[in-house]
*Asks:* 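Got a structure here, written out as structure tokens. Questions coming.
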Amino acid sequence: MLNLETLKDELNPQQFKAVTTTEGAILIIAGAGSGKTRVITFRIAHMLDKGIPQSQILALTFTNKAAKEMADRIKSLTQKKLQNLTVSTFHAFGVKVLRADIDKLGYRDNFSIYDETDRVSLIKECGRELKFSPEAMDIYMIGNLISNIKTGRKNWDSSNDMYRPLYESYQEGLKLFNAVDFDDLIVLPIKLFKEHPEVLAKYRERYKYIMVDEFQDTSHQQYEFMHLLADKNVAVVGDDDQSIYSWRGADYQNIINFEHDFDVTEIRLEQNYRSTGTILEAANGVISHNTNRKDKKLWSGNGAGKPIEIFMPEDETDEADFIAESILGIACEEKRKYDEFGVLMRSNSQGRFIEEAFLQNNIPYTMSGGTSFFERKEIKDVISYLRVIANHDDEINLIRIINCPRRGIGRAAIQLLNDEANLQGCSMWNAMISLVQRQDSPASETVKEDFSDFMKIIEEHRQKILTGRGLSQKIRQLIEDINYKDHLLTEYSKNEKAVRFKMKNIESLLNSIEVWENDPDNDNPNIFNYLNRITLMSRDNDDENDKGKVNLMTIHASKGLEFPVVFIAGAEEGLIPHARSVEENNGDVEEERRLFYVAITRARDKLFISSCRKRRHMQMVSEIEPSRFLDEIPANLVEYHEPKTVTIEETGKMFGDFLQQLKSQM
DNA sequence: CGTCTCCAGGTTTTT
DNA sequence: CCTGGAGACG
């Protein structure tokens, strides 16, 4: 069905070459909109057609969204079941490797994965224990430092040496709690492969064909991981102009490493099938200001299309209204569905205003990112219970729930546990057992009883949840048994709406678990697999019911996606390029420019950009300048909409509104 | 000793 | 707006 003739018809010569070169190492430099995803999916389908077994193919991506999309597209192209094909993010693949052999590194296979919040708690706890002064506990900086040290991006020196004990205590903590952090998901498999060549051999034996998408975003560790696994058939696909993750260790110099380490055939895809000539020219105009890049020029066979429109709303509320109204207008005039619109922003915090405008105008939307569902307190509470049930030694989550709902275990009791754990050199859970059972236990009878009750609840549900099916039902029972609803009612006694909202969230968590465990493609719906999955999936709630909704997201999250109509909100100095980024990189804005480039190239037909004249930032309203990148778009492609000057009548009306507002507040 | 209440503070992007 | 921490209170 995918014979060479059809492929030749469907693809341009470069694409054809990329799809049919299945042996050896190839580097595909794929400009924005050049049909990259198509090439990848066709390539895998072609390999399967040639008779290469699914099990020999490993495709690595960076986001779950990308992995899912790739799997879906291969599925619909080949009409085959893909049970043995591995399409996964680097991190998820790391989890898989660790789940099989982490015992060789001295962990148990029910390890917990710590997300950012867990990690912060652990760092704080270590700092407290080591008596670091509060001023020295710059959690953000320490978190980065730990990550940089762990991944070899930084070494100890006189400026950071004081945090060495903290780092060691952090690492010991993870080990004691049988937990790993995100960095470990890449670093530990590498360690495992190096110390246990027989484990590596197993994977090298199995995977004969490896493919890496968004290669420009690989970190050194991810490259090493891939390099260890790869034999000779490796295809990497990337675009240095779209490298936007250097802050988390991505280094597009890996493209050069790759050319050095393998015998590489390079293929360039430079024809853009996505955007109008105008949009593409604008993108080229912007990115050409970067000096450090592989020179290339994307071209398009599509017509010029409509000009890019730039608006200058007064403030973020104005901007949000403008976007909402424009969407309503265009949807009606051009008969576009809501899911044809993408609204892109630099930071999650911008989303609030736009969301509000959408709600007011009854525009259905989905937002990926923001306060993620799994970061909501009520959801974290439930998940913490599950984590402790899965892994008794997960101390961070144990502490989180040991007194939630309130069961009389306060600071002093926890201190007692801590001391006991240190004394016995064991985990908190075992310390709890010890305090309850030991003859000369320092714990009072009431405290003992509180501990016992808590352990009983966990144990009882552990028995149920670890065996058999029907996960969601059992978790529902757990939530009832701990009286979580009553807990919420007392905790938020003034705010009944909040309680209902939170219970609704829990309900939708339970629903999603039910959907997951009943998915026929899911061959092993146990609690461990569920927990691993959701930690890595903190953001995209990729649901079928996202269809027909406007897509609101950060520019980072939009990579790899495209929309017929795109709005870029907040194209202002300080936001893009972000003030923080400018500061950290000593004025180098090349990565921010790439980010802006990514944003522009998401658009197919029509691009709107808005730049507010004022923006509220931490209570303060300040005047701001339009982004310097706007001037880099060739002027002939742009239609500027100057803000209308405020007339006397309007000033009068505004004053009236202001009075009205004052009155309503009194 | 545990809980309740009030107050300050809040970093860009994500696995 | 919401969360976490410090201190008062029971």
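Just so it is clear: chains get the letters A, B, ... in the order the sequence lines come, proteins before strands, and each one is counted from 1.
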*Asks:* Check this for me: does any side-chain nitrogen of one of A:Lys380 and A:Asp118 sit under 4.0 Å from a carboxylate oxygen of the other?
*Replies:* yes
*Asks:* Without decimals, in angstroms, what is the distance between A:Lys502 NZ and C:dC2 P?
*Replies:*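 My rounded result for the distance is 8 Å.
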*Asks:* Between atom CZ in A:Arg346 and atom C1' in B:dT11, what is the gap in whole Å?
*Replies:*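 From A:Arg346 CZ to B:dT11 C1': 12 Å.
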*Asks:* Without hydrogens or angle criteria, can the side chains of A:Asp181 and A:Tyr170 be said to hold a donor-acceptor pair below 3.5 Å?
*Replies:*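 On atom types as modelled, these side chains qualify, holding a pair under 3.5 Å.
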*Asks:* Using heavy-atom distances to pick each residue's nearest nucleotide on DNA chain B, tell me which of A:Tyr140 and A:Ile409 is more 5'.
*Replies:*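 It is A:Ile409 whose nearest nucleotide is closer to the 5' end.
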*Asks:* Using 4.0 Å as the upper bound for N to carboxylate O, is an ion pair formed by A:Glu214 and A:Lys36?
*Replies:* yes
*Asks:* For the side chain of A:Lys124, counting heavy atoms from C-beta on, which of C:dG5, B:dT12, B:dT15 is nearest?
*Replies:* C:dG5
*Asks:* Within this structure, what is the CG-to-C1' distance between A:Asp213 and B:dT15, rounded to whole angstrom?
*Replies:* 15 Å
*Asks:* Starting from P on B:dT14, measure out to CG on A:Leu185 and report it in whole angstrom.
*Replies:*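 The answer, rounded to whole Å, is 18 Å.
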*Asks:* Measuring only the C1' atom in each nucleotide, how far is C:dG4 from B:dT12? A whole number of Å is fine.
*Replies:* 22 Å
*Asks:* If only side-chain N and O atoms count, and only distance matters, is there a donor-acceptor pair under 3.5 Å linking A:Ser147 with A:Asp183?
*Replies:* yes
*Asks:* Tell me which nucleotide among B:dT15, B:dT11, B:dC1 gets nearest to the side chain of A:Asp138.
*Replies:*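 Nearest to the side chain of A:Asp138 among the choices is B:dT11.
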*Asks:* Using a distance-only test with no angle check, is there a side-chain donor-acceptor pair under 3.5 angstrom linking A:Gln242 and A:Tyr597?
*Replies:*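 No, A:Tyr597 and A:Gln242 have no side-chain donor paired with an acceptor closer than 3.5 Å.
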*Asks:* Measure the distance from CG on A:Asp217 to P on B:dT14 and round it to the nearest whole Å.
*Replies:* 12 Å
*Asks:* Can you see if the side chain of A:Thr554 gets near the phosphate of B:dT14 - specifically, an N or O under 4.0 Å from OP1 or OP2?
*Replies:*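 So the side-chain polar atoms of A:Thr554 do come within 4.0 Å of the phosphate oxygens OP1 or OP2 of B:dT14, strictly under.
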*Asks:* Indicate, with a heavy-atom threshold strictly under 4.0 Å, whether A:Arg406 touches base, sugar-phosphate, or nothing.
*Replies:*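 Touches sugar-phosphate only.
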*Asks:* Below 4.0 angstrom from OP1 or OP2 of C:dC2, is there any side-chain N or O of A:Lys377?
*Replies:* no
*Asks:* Please work out if A:Phe62 contacts a base, only the sugar-phosphate, or nothing of the nucleic acid, heavy-atom cut-off 4.0 Å.
*Replies:* sugar-phosphate
*Asks:* In whole Å, what is the span from the CD1 atom of A:Ile414 to the P atom of C:dG5?
*Replies:*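 Checked: the CD1 to P distance equals 12 Å.
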*Asks:* Please tell me which of A:Arg580 and A:Gly408 maps to the more 5' nucleotide of DNA chain B, matching each residue to the nucleotide holding its nearest heavy atom.
*Replies:* A:Gly408
*Asks:* Report yes or no: is the ring centroid of A:Trp247 under 5.5 Å from the six-membered base ring centroid of B:dT13, with the two planes under 30 degrees?
*Replies:*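 Stack criterion met.
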*Asks:* A:Arg128 or A:Arg352: which one's nearest nucleotide on DNA chain C is closer to the 5' end?
*Replies:*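 Going by which nucleotide is closer to the 5' end, it is A:Arg352.
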*Asks:* Report which part of the nucleic acid A:Asn403 touches: base, sugar-phosphate, or nothing (heavy-atom distance under 4.0 Å, all strands).
*Replies:*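 The residue A:Asn403 makes sugar-phosphate contact but no base contact.
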*Asks:* Tell me whether the rings of A:Phe93 and A:Tyr207 are parallel (<30°), tilted (30 to 60°) or perpendicular (>60°).
*Replies:*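 Perpendicular.
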*Asks:* Would you mind reading off the distance between A:Asp181 atom CG and B:dT15 atom C1', rounded to a whole angstrom?
*Replies:* 11 Å
*Asks:* Can you find a side chain N or O atom of A:Asn348 that sits less than 4.0 Å from OP1 or OP2 on B:dT13?
*Replies:* yes
*Asks:* For A:Met553 and B:dT12, what is the distance between atoms CE and C1' respectively, to the nearest whole Å?
*Replies:*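 In whole Å, B:dT12 C1' lies 17 Å from A:Met553 CE.
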*Asks:* Contact class for A:Asn144 vs. all strands (heavy atom < 4.0 Å): base, sugar-phosphate, or nothing?
*Replies:*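 No contact at all - A:Asn144 keeps every heavy atom at 4.0 Å or more from the nucleic acid.
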*Asks:* Looking at every strand, decide which applies to A:Gln350 at a 4.0 Å heavy-atom threshold: base, sugar-phosphate, or nothing.
*Replies:* nothing
